[in-house]
**Student:** 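Below is a structure I'd like to ask you about.
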Amino acid sequence: MLKRLDKIRFRGQRTDVFLDLGDSPNTSDTECSEDILMKPRPSLEMKDTEELQDPAGPGTLTMPAAATQDYQRAETDRLNDLKGHLEIALLEKHFLQEELRKLREETNIDTLKQELEKERSKRLDLEQKLNLEVLKIGPEDYPSQRPRETPPPPTANSTDKQKETMYSWLQAWLYNRFGAYIGDFRFQPEENTVEPEEPLSAKRLTENMRRLKRGAKPVINFKRNLFALSSWQSVYTSAFAFIIYMNAAWHGWAIPMFIFLAILRLSLNYLISRGWRIQWSIVPGVSEPVEPPKEDLTVSEKFQLVLDVAQKAQNLFGKMADVLEKIKNLFMWVHPELTQKLYVGLWVALICSCLIPYKLIGFMIGLYAGIKFFIIDFMFRSCPKLRDKYDTPHIIWTSLPTDPQLKERGGATLSRRIHPTVAHGSLGTALPCGISLEEQTGRAYNTKKGAFHEVFNLSGDERPLAVCENGWRCCLINRDRKSPTDYIRNGVLFVTENYLCFESSSCRSNSSKKNKVIKLIDITDIQKYKVLSVLPGSGMGISIATPSTQKPLVFGAMIHRDEAFDAIFTQYMKKVTMTSATNPET
């Protein structure tokens, strides 16, 4: 064993006894290092053997125990050093192999080869087309390449051949001169590139809303100046602008005036971009709002900022949807009376454009626009009742319905058709107590799965309160259940005069088994609840305890939690008060 350990030396002294790592076989970490070939070292072996022999007699070894232990300890240390170097070499090899694999994946050699093959095929196609063009032209079309021969006597065939030669030469000249431009007009199939969608991110949403606000700032400032000019906030500025505009419209210079103003604004923007500090507005006193400086926000403030951004995005999308739906309903004859006015107006405009000269039409439109912008709009804005009676565009726009309003009207019409009519003599007795005639003939309250009272198996007079006509989106957490499908259910929460109703949005069951109906008088405790304690704020849930449940039911993930809590608690206290008044014992 000592001879075998004597062969293993630290490689820092003699590196030539080890194989190079690049030339070593690709072995695993579990293979023994004994297979590595090393050169013998006879001199060291002889030297060590002589040191171990006793001079008194050959073949006898005399070594103290302490020296033997020191020798073994030294050999063990050298062996450990050698193992450490081998492990380092193997790790370096493993890391280098990983780097090589990553580099091969990043370069993507297969894709480059495919693109190279495509380019080669394109080049071959172009060479074939060029050869075909050359063959069509032929060598006889180039007189400089043909040998000079004595011209034969002119005949009819030679004349035709000369014409064909001239035609082919002219065609080749035109192709060489204008072929590159003609190739640009070749129709090619359009490549449908799908842009990758970014994942949902609160930071990205907030940044996009800020970008939208910064991009819309010039338009908003221009609109604010026009509103101030039309409202006569600065009397001198509005009067000066009115006189200049009416003079330009009278002489037919309205369009050149607007073009000149656009050029002036671009010139000012050029000076501002060059570093000039110019603050200019159409109406004095109307300036851009100064944004507050950015400060370091806490976690709760950042969370509230995300909620505000989401609310603004929701309101913005809602307004845009209302505008588009009103325009669609105007042209689709959804409201025939309003569309009829537009129809008659378009016929009058067509007849006037055919009979009246365009110069006179432009003059009339320019004068009417100035009078309406500076005088009529100011009067309508100052007198709302006058506007509601005589401002036809405003009346048409406010009267146009949106799609949700059409659905509500359709539900009201359906409810009137279903419920039988009641005689005038018994109308007062037929109405339920506490419900007026307007409420009885109002719209029917429907959910996504049908009528409200049918979905929850309630009486026909049960309907949501006015504060929750569309319900509150939330998720019901029933901690008495073990199944994940029954533990958390998404849906909508309603509150009626006597009940608290939860409609599950699960599409797997059309029955009302997953819906939840709770009597308000059965509620033993109601309070605000925070589902996740790690989130900032006071939470977004409501906890409701009933005798039929061991643990309170939690309605979480409510954006309008405070509004829902106030409405449920108010109706609950009202019901408890009425019950205690009728039954003092309870």
**Student:** Considering only residues two or more places apart or on different chains, which pairs with a residue in residues 364-374 satisfy salt bridge (charged side-chain N to carboxylate O under 4.0 Å, His left out)?
**Tutor:** K372-D377
**Student:** Can you pull the salt bridge (charged side-chain N to carboxylate O under 4.0 Å, His left out) pairs that have at least one residue in residues 253-277, sequence neighbours excluded?
**Tutor:** none
**Student:** The criterion is side-chain contact (heavy atoms from CB on, under 4.5 Å); which residues satisfy it with T402, sequence neighbours excluded?
**Tutor:** D322, E325, K326, P404, Q405
**Student:** Going by side-chain contact (heavy atoms from CB on, under 4.5 Å), V495 matches just one of P464, C468, C501. Which one?
**Tutor:** C468
**Student:** Between R123 and E127, is any pair of side-chain heavy atoms under 4.5 Å apart?
**Tutor:** yes
**Student:** Would you please indicate if the ring centroids of Y499 and F494 are separated by under 6.0 Å?
**Tutor:** no
**Student:** Would you sort out whether D461 and S459 count as a side chain to side chain donor-acceptor pair (under 3.5 Å), showing the intermediate values?
**Tutor:** CA-CA 6 Å; D461 57 348; S459 59; 2.5 Å; yes
**Student:** Would you check if there is a donor-acceptor pair between the side chains of T496 and R463 at a distance under 3.5 Å?
**Tutor:** no
**Student:** Taking the six-membered ring for Trp, are Y236 and F240 ring centroids under 6.0 Å apart?
**Tutor:** no
**Student:** Please confirm whether W472 and F555 have ring centers closer than 6.0 angstrom.
**Tutor:** no
**Student:** For the residue pair L338 and L342, establish whether any side-chain heavy-atom pair is separated by less than 4.5 Å.
**Tutor:** no
**Student:** Do N329 and T339 come within less than 4.5 Å of each other through their side chains, counting heavy atoms only?
**Tutor:** no
